[in-house]
Amino acid sequence: TFYDCSSLTSVTIPNSVTEIGGSAFCYCSSLTSVIIPESVTSIGERAFSDCSSLTSVTIPNSVTSIGDWAFSDCSSLTSVIISESVTDIGAFAFSNCSSLTSVIIPNSVTYIGWYAFSDCSSLTSVTISESVTHIGGYAFYGCIGLTSVTIPESVTSISWGAFSGCSGLTSVTIPNSVTEIGDNAFADCLTLESVILPLKLEILGSAVFANSGNIKHVVFNGPSPVESTYDVFDSNVYEAATLYVRGSISLFTTVSPWKYFYNITDDKYTGIEDVAADFDTDVPCEIYNLSGVKVAENTDNLPAGIYIRTTNGKSEKFIVR
């Protein structure tokens, strides 16, 4: 309808409209603001794609689905509010929104589509709600600003390439509810240092941690090994990292890829654990991120992630969920 109206700067959609169709405002390169009324229930494919001047958008409580590529390549988009009515975020929905810094996936969403937030290079914070059960292929591919991700207990599968190319990612919490991790899910995560694999894991794809050669600690929480290919990890990870297992070591020395680790132990890993240790929050302390940057002097209002707490000459890592 307004496809390629390059001079259009703002639009107010009336309450009579129930659907914004495919490519309705695509390539409206001067569009800076849009008001979507509560009458709208769906936003079609590429509806606002390539609106390169659009800075913020609020998805109203009436919308249940965001179509494929709906806001892709909105390079100036810094803020998006997704309402609690949305159940499905389509493929490429916010891909290449290079100015987007944070996103909250509401409790209504169950599925994050393929490439939904891929190449959102400024994205530093993502909150995934407890309603999400499946993270689609390459959903957060190339989000180089992400340093930590906490995946909720509701998620049962992480598709191929979901967090690949997240080169700033140093830590990831994979809950015990996850049964399947797809091919290349965390490939090219160049600064990833530790991996804790879930208790219920049944399927581990190939090249899951390929080209993520800084991994020093791998914890396998399941009682018996899940078989996969040699290329799950890089060769230098097999040589330098330590594999911590909960079951018998002998079970892991005959199954790929675990048998390729030079160092396997059944000692409890004392670095980053599944649940943070209890401590007295009233004691003076300093809180650092995993890059060694001081971020707080107490644990109040810390965003989800992994931190280092120092007090009385003692340091310990802990998780904020």
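All values below come from the heavy atoms of this structure, side chains included, with hydrogens, waters and symmetry mates left out. Note that the coordinates shown come from a computational prediction; the quantities given were computed from them, not determined experimentally.
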Asker: Are L197 and V226 side-chain neighbours, meaning at least one heavy-atom pair lies under 4.5 Å?
Answerer: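 Heavy-atom side-chain distance check fails, nothing below 4.5 Å.
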Asker: Give a yes or no on whether the backbone of L190 and the side-chain of N214 come within a donor-acceptor separation of less than 3.5 Å.
Answerer: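 Looks like yes, one N/O pair under 3.5 Å.
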Asker: For F261, check ring pair (Phe, Tyr, Trp, His ring centres under 6.0 Å) against everything at least two apart and list the hits.
Answerer: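 With sequence neighbours excluded, F261 shows a ring pair (Phe, Tyr, Trp, His ring centres under 6.0 Å) to F233, Y238, given in chain and number order.
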Asker: Just jot down the salt bridge (Lys or Arg N to Asp or Glu O under 4.0 Å) partners of E202, sequence neighbours excluded, or say none.
Answerer: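 Counting only residues at least two positions away or on another chain, E202 forms no salt bridge (Lys or Arg N to Asp or Glu O under 4.0 Å).
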Asker: Taking T64's backbone N and O only, do any of them form a donor-acceptor pair with T87's side chain (distance below 3.5 Å, no angle check)?
Answerer: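 Judged by distance alone, yes, a pair lies under 3.5 Å.
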Asker: Check whether any side-chain heavy atom of F71 lies under 4.5 Å from a side-chain heavy atom of V57, and answer yes or no.
Answerer: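 Yes, side chains in contact.
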Asker: With under 30° as parallel and over 60° as perpendicular, where do the rings of F2 and F25 fit, or are they tilted in between?
Answerer: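 Judged by the thresholds at 30° and 60°, the geometry between F2 and F25 is parallel.
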Asker: Test of understanding: with ring pair (Phe, Tyr, Trp, His ring centres under 6.0 Å), list the residues that count as partners of W160, not counting sequence neighbours.
Answerer: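 With neighbours one apart ignored, the set is W114, Y138.
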Asker: Check the hydrophobic clustering (I, L, V, M, F, W, Y; side-chain heavy atoms under 4.5 Å; chains of links allowed) and say if V245 and L201 are grouped together.
Answerer: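 As far as the 4.5 Å side-chain criterion goes, L201 and V245 are connected within one cluster.
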Asker: Would a distance-only check, ignoring hydrogens and angles, find a side-chain to backbone donor-acceptor pair under 3.5 Å from S256 to S228?
Answerer: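 Present.
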Asker: Counting only N and O atoms by type, is there a donor-acceptor contact under 3.5 Å from the side chain of S159 to the main-chain atoms of G136?
Answerer: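 Not at all, since once roles are kept as given, no pair shorter than 3.5 Å links the two residues.
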Asker: Taking the six-membered ring for Trp, are Y3 and Y27 parallel (under 30°), tilted (30 to 60°) or perpendicular (over 60°)?
Answerer: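 Y3 and Y27: perpendicular rings.
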Asker: Decide whether I128 and L100 are clustered together by the hydrophobic rule: side chain heavy atoms of Ile, Leu, Val, Met, Phe, Trp, Tyr closer than 4.5 Å, transitively.
Answerer: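 Hydrophobic grouping puts I128 with L100.
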Asker: Please enumerate all residues that pass side chain to side chain donor-acceptor pair (under 3.5 Å) together with S129, with sequence neighbours excluded.
Answerer: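 Expected list: S131.
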Asker: Quick check: does any side chain N or O of T191 sit under 3.5 Å from a backbone N or O of S167, one acting as donor and the other as acceptor?
Answerer: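 Checked: pair present.
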Asker: Is there a path of hydrophobic side-chain contacts, each under 4.5 Å between heavy atoms of I, L, V, M, F, W or Y residues, that connects I112 with I158?
Answerer: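 They do share one cluster, since a chain of ILVMFWY contacts under 4.5 Å joins I112 to I158.
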Asker: Aromatic rings F186 and F163: how do their planes relate, parallel, tilted or perpendicular, breaks at 30° and 60°?
Answerer: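 Answer is parallel, since the angle falls under 30°.
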Asker: With side chains defined as the heavy atoms from C-beta onward, is the minimum distance between E193 and H217 less than 4.5 Å?
Answerer: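 Side-chain contact under 4.5 Å: no.
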Asker: Of all residues at least two apart in sequence or in a different chain, which pass the side chain to side chain donor-acceptor pair (under 3.5 Å) check with S83?
Answerer: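 Applying side chain to side chain donor-acceptor pair (under 3.5 Å) to S83 gives S85.
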Asker: Flag the pair K259 / I264 as yes when at least one side-chain heavy-atom distance between them is below 4.5 Å, and no otherwise.
Answerer: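 No, side chains not in contact.
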Asker: Would you say S118's side chain and Y141's backbone share a donor-acceptor pair under 3.5 angstrom?
Answerer: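 Checking the backbone N and O of Y141 against the side chain of S118, no donor-acceptor pair under 3.5 Å is found.
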Asker: Quick one, F48 and V34 - any side-chain contact, counting heavy atoms below 4.5 Å?
Answerer: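 In short, these two side chains touch, coming nearer than 4.5 Å.
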Asker: Scan residues 46-61 for pairs that pass side chain to side chain donor-acceptor pair (under 3.5 Å), counting only residues two or more places apart or in two chains.
Answerer: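 Pairs touching residues 46-61 that pass the test: S49-S72.
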Asker: Begin with the C-alpha distance, continue with both residues' side-chain angles, and end with the deciding distance and a verdict on side chain to side chain contact (heavy atoms under 4.5 Å, CB included) for F140 and C120.
Answerer: CA-CA 8 Å; F140 295 94; C120 290; over 6 Å; no
Asker: Using side-chain contact (heavy atoms from CB on, under 4.5 Å) as the criterion, point out the one residue from I89, I105, I151, T110 that pairs with V132.
Answerer: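 Exactly one pass, corresponding to I105.
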